K.L.:
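My questions will all concern the structure given below.
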Amino acid sequence: MSLKVHNSLSRKKEIFKSITDGHVGMYVCGPTVSGESHLGHARPFITFDVIYRYLLYLGYKVRYVRNITDAGHFEEEGREAEDKISNKAVIEKLEPMELVQKYTNLFHWAMTQFNNLPPSIEPTATGHIVEQINMIEEIIKDGYAYVANGSVYFDVEKYNTDYSKKGLPYGILSGRNIEEQLDTTRDLDNQEEKRNKNDFALWKNAPPEHIMRWKSPWGEGFPGWHIECSAMSTKYLGDVFDIHGGGMDLIFPHHECEIAQSTVCNHKTPARYWLHNNMITINGKKMGKSYNNVIKLSELFGGTHPVLTQAFHPMTIRFFILQTHYRSTLDFSNEALMAAEKGLKRLWEAYENLQKLDIKNQISSDKALEEKIKQSLAEFDEFMNDDFNTAKVMANMFELVPVINGIKNKQLPADTLSGSIIELLQQKMKTYLENIFGLKGDGVDNEQLNGVLQLLINIRKEAKAKKDFVTSDTIRNELIKLGVQLKDEKDGSVSYSVN
RNA sequence: GGUCCGGUGGCCGAGUGGCUAGGCAGAGCUCUGCAAAAGCUUCCACAGCGGUUCGAAUCCGCUCUGGACCUCCA
């Protein structure tokens with residue numbers, strides 16, 4: 001049973017084999033820190049976090065590189081060529097790096113909220129200007145880029161002509177044919193500098209008003225749209241590495257350009273497996289800046305967006321995302337999130353119940369069920385090995401819930417399962433929920449709160465004993481309003497859960 | 001216009017040529033002082049039309065329809 005991943009290059013599932021035994025190099029396109037992250041951004045970072053965690057679970061030593069794009073790219077749409085970041089900085093009266101820092105911090109905060117593991121290396125574009133310039137020089141030297149008015153452009157046509165012969169045409173990833181797209185490209189800024197409309201900038205000459213600027217062999221300017229990822233992935237992962245990830249919307253032109261640049265420079269196709277997550281949609285439309293339909297993460301966690309009726313915990317979002325396969329679109333709605341919230345609560349409570357079950361040295365009284373559970377647990381790995389099918393693992397987990405709760409609440413005999421399978425369940429669920437899926441409880445483990453609640457529970461017990469149901473119900477109802485739910489267990493004990 | 005991907009029950013979503021996906025919501029029951037929780041049972045599907053097949057939601061064709069990319073975009 002080996003890991004299979006869907007490779008965007010071949011558009012097929014392929015058996016994953018790392019270049020170096022036991023090691024995986026993975027590069028994922030990170031955020032542009034010129035604004036606050038929204039729900040759509042959360043998907044790749046959660047998706048690839050789980051992929052990272054799963055690779056670790058499989059025993060690989062993984063170098064996970066995720067960049068921070070902190071050098072501004074362009075604003076198009078007929079405007080003057082401007083550095084996006086410096087443009088906004090002027091509006092907000094901030095230093096560019098101050099703005100970048102602010103949004104980097106906010107991004108890191110969100111990643112922590114989601115319980116995403118930090119990448120091994122998180123390089124910034126501004127920290128790798130030298131590497132980018134070096135790479136551009138290489139490309140010029142090889143004859144695949146040309147200088148025009150202090151800017152440098154990649155010669156797509158020449159690349160396509162030469163590399164098509166080697167079976168590596170421009171468009172290899174996105175399935176595009178450059179001849180067919182000539183008429184569709186809109187008027188871009190400084191179009192006249194390009195020899196060909198398909199050419200893209202490696203380096204842009206900075207107009208005087210540009211704040212972010214660096215000296216280069218071609219004058220003062222800033223790096224082009226795609227070169228940072230090529231430069232940084234090469235530097236930290238080598239000419240060829242295992243996995244390159246990102247959102248599907250980056251396939252063209254971003255990843256296509258990356259392939260062209262790196263291939264010229266390193267004479268090799270940079271990544272073996274290209275993995276792309278699908279979009280989060282809202283009312284069927286992609287969530288994105290251009291559509292004006294984004295929900296920022298802070299709005300989600302705070303419940304402050306108009307379409308939301310409540311705040312949503314980061315773990316709810318994480319669970320919501322993992323209930324879908326990463327290559328499918330995920331349609332967001334307040335209702336869908338509420339459903340995810342309830343589902344996660346049920347799953348998590350069963351998980352906590354499971355961890356509290358006594359492991360007794362007993363033989364199962366329900367062999368058929370025991371076999372079914374063994375099968376179900378074995379499928380966890382199978383499903384993950386099949387292109388990270390977290391949705392199917394989740395479905396299996398939910399099928400375990402009634403069994404666990406049934407035993408706990410004595411709706412099933414205590415010896416329904418053998419001690420060994422209970423132990424296996426406990427281990428496997430812990431590994432999957434916490435280590436691989438990266439979910440965690442809300443961490444309400446407050447002695448003070450617990451003491452207060454025990455006091456109330458005892459008072460209520462006394463009231464109930466005296467059939468003073470007015471008092472007992474008042475306590476229960478008031479606690480509900482405060483988000484604490486009391487549960488009268490079968491054995492007469494009382495437990496509670498905090499929302 | 002080009003390239004590509006979808007259309008699954010009230011909602012979100014897996015999936016495979018023949019076996020209940022799963023979650024949320026709804027209904028009934030058990031438990032309970034009443035609830036909640038939990039358990040059990042249950043309703044509601046595979047856009048449409050043809051074709052292949054013993055058998056298709058799953059394969060093929062057509063129609064309708066939604067979306068992504070082609071421009072910064074996760």
Side-chain angles (χ1 to χ4, degrees), chain A residues 11 28-32 34 37-48 69 72-77 84 171 174-177 179-189 225 245-254 256 276-281 284-291 294 319-320 323-325 327-347 349-350 353 383 389-399 401-412 464 467 469 472-473 476-477 480 485-490 495-497:
Chain A
R11 274 160 233 171
V28 174
C29 289
T32 301
S34 62
S37 297
H38 62 254
L39 177 61
H41 297 123
R43 170 109 101 146
F45 304 130
I46 289 172
T47 298
F48 287 100
T69 299
H73 293 175
F74 303 151
E75 206 96 54
E76 236 77 51
E77 296 297 320
K84 195 195 289 175
S174 56
R176 263 161 240 277
N177 178 334
E179 285 88 38
E180 284 173 4
Q181 336 177 18
L182 290 180
D183 297 336
T184 63
T185 311
R186 289 190 200 171
D187 278 345
L188 297 178
D189 177 63
W225 315 357
M248 273 183 185
D249 49 355
L250 295 182
I251 290 176
F252 192 91
H254 184 58
E256 203 68 73
H276 292 99
N277 63 276
N278 214 136
M279 301 293 104
I280 287 184
T281 58
K285 284 243 190 322
K286 173 185 168 184
M287 185 180 286
K289 277 174 261 177
S290 348
Y291 299 93
V294 303
F319 173 79
F320 176 64
Q323 253 191 322
T324 312
H325 186 87
R327 286 193 295 108
S328 301
T329 53
L330 207 205
D331 200 43
F332 162 88
S333 68
N334 187 68
E335 196 187 356
L337 269 194
M338 294 209 313
E341 182 180 79
K342 286 194 179 169
L344 175 59
K345 184 167 188 254
R346 198 164 101 88
L347 180 63
E349 282 178 5
N353 290 337
F383 293 156
N389 200 328
T390 55
K392 286 188 98 173
V393 177
M394 287 290 188
N396 272 24
M397 284 182 172
F398 272 102
E399 291 187 330
V401 168
V403 179
I404 294 165
N405 287 337
I407 293 171
K408 189 242 173 191
N409 296 325
K410 305 190 173 24
Q411 285 141 335
L412 289 173
K464 275 175 75 174
K467 302 228 185 279
F469 295 122
S472 68
D473 289 353
R476 188 176 64 198
N477 295 338
I480 277 281
Q485 184 177 76
L486 297 185
K487 296 173 191 173
D488 294 329
E489 304 288 347
K490 274 212 154 171
S495 65
Y496 65 87
S497 67

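Order of the sequence lines fixes the chain letters, A, B, ..., with proteins taken first and strands second; residue numbering starts at 1 for each chain. As the structure is a computational prediction, the values presented were derived from the model and not from experiment.
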K.L.:
Give one of base, sugar-phosphate or nothing for A:Ser328, where a contact means two heavy atoms less than 4.0 Å apart.
P.N.:
sugar-phosphate
K.L.:
Which nucleotide, in any strand shown, forms a Watson-Crick or G-U wobble pair with B:rC24, with both distances under 3.5 Å?
P.N.:
B:rG10
K.L.:
Decide yes or no, distance alone: a donor-acceptor N/O pair under 3.5 angstrom between the base of B:rG22 and the side-chain of A:Asn396.
P.N.:
no
K.L.:
Might you work through the salt bridge (Lys or Arg N to Asp or Glu O under 4.0 Å) test for A:Lys345 and A:Glu349, ending with a clear yes or no?
P.N.:
CA-CA 6 Å; A:Lys345 184 167 188 254; A:Glu349 282 178 5; 3.7 Å; yes
K.L.:
Quick check for you: among B:rC4, B:rU71, B:rA74, whose closest atom lies nearest to any side-chain atom of A:Arg11?
P.N.:
B:rC4
K.L.:
For A:Arg176 and B:rA68, what is the distance between atoms CZ and P respectively, to the nearest whole Å?
P.N.:
14 Å
K.L.:
Just compare B:rC69, B:rG39, B:rC73 and give me whichever is closest to any side-chain atom of A:Phe252.
P.N.:
B:rC69
K.L.:
Rounded to whole Å, how long is the line connecting atom CZ of A:Arg327 with atom P of B:rG6?
P.N.:
9 Å
K.L.:
Should A:Leu330 and A:Gln323 be marked as a side chain to side chain contact (heavy atoms under 4.5 Å, CB included) after you check the CA-CA gap, both sets of side-chain angles, and the distance that decides it?
P.N.:
CA-CA 9 Å; A:Leu330 207 205; A:Gln323 253 191 322; over 6 Å; no
K.L.:
Determine the interatomic distance between P on B:rG10 and the same-named atom on B:rC70; round to the nearest Å.
P.N.:
35 Å
K.L.:
What nucleotide among B:rA36, B:rG33, B:rA38 has an atom nearest to a side-chain atom of A:Gln485?
P.N.:
B:rA36
K.L.:
Apply the test side chain to side chain contact (heavy atoms under 4.5 Å, CB included) to residues A:Met248 and A:Asn277: give CA-CA distance (whole Å), side-chain angles for both, the deciding distance (0.1 Å), then the verdict.
P.N.:
CA-CA 6 Å; A:Met248 273 183 185; A:Asn277 63 276; over 6 Å; no
K.L.:
Taking the C1' atom in each of B:rC12 and B:rA35, what is the distance between them to the nearest angstrom?
P.N.:
29 Å
K.L.:
Taking pairing as Watson-Crick or G-U wobble with both contacts under 3.5 Å, can you name the mate of B:rC59, or confirm there isn't one?
P.N.:
B:rG51
K.L.:
At 4.0 Å (heavy atoms only), tell me whether A:Asp331 reaches a base, stays on the sugar-phosphate, or touches nothing.
P.N.:
sugar-phosphate
K.L.:
Given atom CD1 of A:Ile251 and atom P of B:rC73, what is their separation to the nearest angstrom?
P.N.:
13 Å
K.L.:
Classify the side chain of A:Arg476 versus the base of B:rA35 as yes if they form a donor-acceptor pair under 3.5 Å and no if they do not.
P.N.:
yes
K.L.:
Can you check the A:Met338 CE to B:rC12 C1' distance for me, whole Å?
P.N.:
12 Å
K.L.:
Calculate the interatomic distance between A:Lys408 atom NZ and B:rA38 atom P; express it in whole Å.
P.N.:
10 Å
K.L.:
Look at all strands and tell whether A:Thr329 reaches a base, only sugar-phosphate, or nothing, counting heavy atoms closer than 4.0 Å.
P.N.:
sugar-phosphate
K.L.:
Step by step, work out the side chain to side chain contact (heavy atoms under 4.5 Å, CB included) result for A:Met287 and A:His38.
P.N.:
CA-CA 9 Å; A:Met287 185 180 286; A:His38 62 254; 3.8 Å; yes
K.L.:
Provide the Watson-Crick or G-U wobble partner of B:rC4, both distances under 3.5 Å; none if there is no partner.
P.N.:
B:rG67
K.L.:
Taking B:rA56 as the reference, what is the distance to B:rG51 when you measure between their C1' atoms (whole Å, please)?
P.N.:
12 Å
K.L.:
With a centroid cutoff of 5.5 Å and a plane-angle limit of 30°, would you call A:Phe398 stacked on B:rG23?
P.N.:
no
K.L.:
Using the side-chain heavy atoms of A:Ala339, tell me which of these nucleotides is nearest: B:rA74, B:rG23, B:rG39.
P.N.:
B:rG23
K.L.:
Give A:Val401 one of three labels, base, sugar-phosphate or nothing, depending on what nucleic acid heavy atoms sit under 4.0 Å from its own.
P.N.:
sugar-phosphate
K.L.:
Can you find a donor-acceptor pair, distance only, under 3.5 Å between A:Gln411 side chain and B:rA38 base?
P.N.:
yes
K.L.:
Who is the Watson-Crick or G-U wobble partner of B:rC34, with both distances under 3.5 Å?
P.N.:
none
K.L.:
Specify the separation, in whole Å, of atom NE2 of A:His276 and atom C1' of B:rA74.
P.N.:
10 Å
K.L.:
In this structure, how many angstroms lie between the C1' atom of B:rG67 and the CG atom of A:Asp249, rounded?
P.N.:
13 Å
K.L.:
Please give the distance between the C1' atoms of B:rG66 and B:rU71 as a whole number of Å.
P.N.:
22 Å
K.L.:
What is the nucleic acid contact for A:Gly246, judged by heavy atoms within less than 4.0 Å: base, sugar-phosphate only, or nothing?
P.N.:
sugar-phosphate
K.L.:
Grab the CG-P distance between A:Asn477 and B:rA37 for me, whole Å please.
P.N.:
14 Å
K.L.:
Please work out if A:Lys286 contacts a base, only the sugar-phosphate, or nothing of the nucleic acid, heavy-atom cut-off 4.0 Å.
P.N.:
base
K.L.:
Side-chain donor or acceptor of A:Asp488 under 3.5 Å from a matching atom on the base of B:rA37?
P.N.:
no
K.L.:
Counting only side-chain nitrogens and oxygens, does A:Lys285 get under 4.0 Å of the OP1 or OP2 atom of B:rG67?
P.N.:
yes
K.L.:
Given B:rA14, B:rA74, B:rG22, which nucleotide is nearest the side-chain atoms of A:His325?
P.N.:
B:rA14
K.L.:
Report which part of the nucleic acid A:Met279 touches: base, sugar-phosphate, or nothing (heavy-atom distance under 4.0 Å, all strands).
P.N.:
base
K.L.:
Among B:rC40, B:rA74, B:rA14, which is the nearest nucleotide to the side chain of A:Thr324?
P.N.:
B:rA14
K.L.:
Closest approach to the side chain of A:Asn389, judged atom by atom: which nucleotide of B:rG15, B:rA74, B:rC4 is it?
P.N.:
B:rG15
K.L.:
Say you pick atom P in B:rU32 and the same atom in B:rA25; how far apart are they, in whole Å?
P.N.:
24 Å
K.L.:
For A:Leu412, report the nucleic acid contact type (base, sugar-phosphate, nothing); a contact means any heavy atom under 4.0 Å.
P.N.:
nothing
K.L.:
Using a 4.0 Å heavy-atom cut-off across all strands, classify A:Tyr291 as base, sugar-phosphate, or nothing.
P.N.:
sugar-phosphate
K.L.:
When you compare B:rU20 with B:rC44, how far apart are their C1' atoms, in angstrom units rounded to a whole number?
P.N.:
14 Å
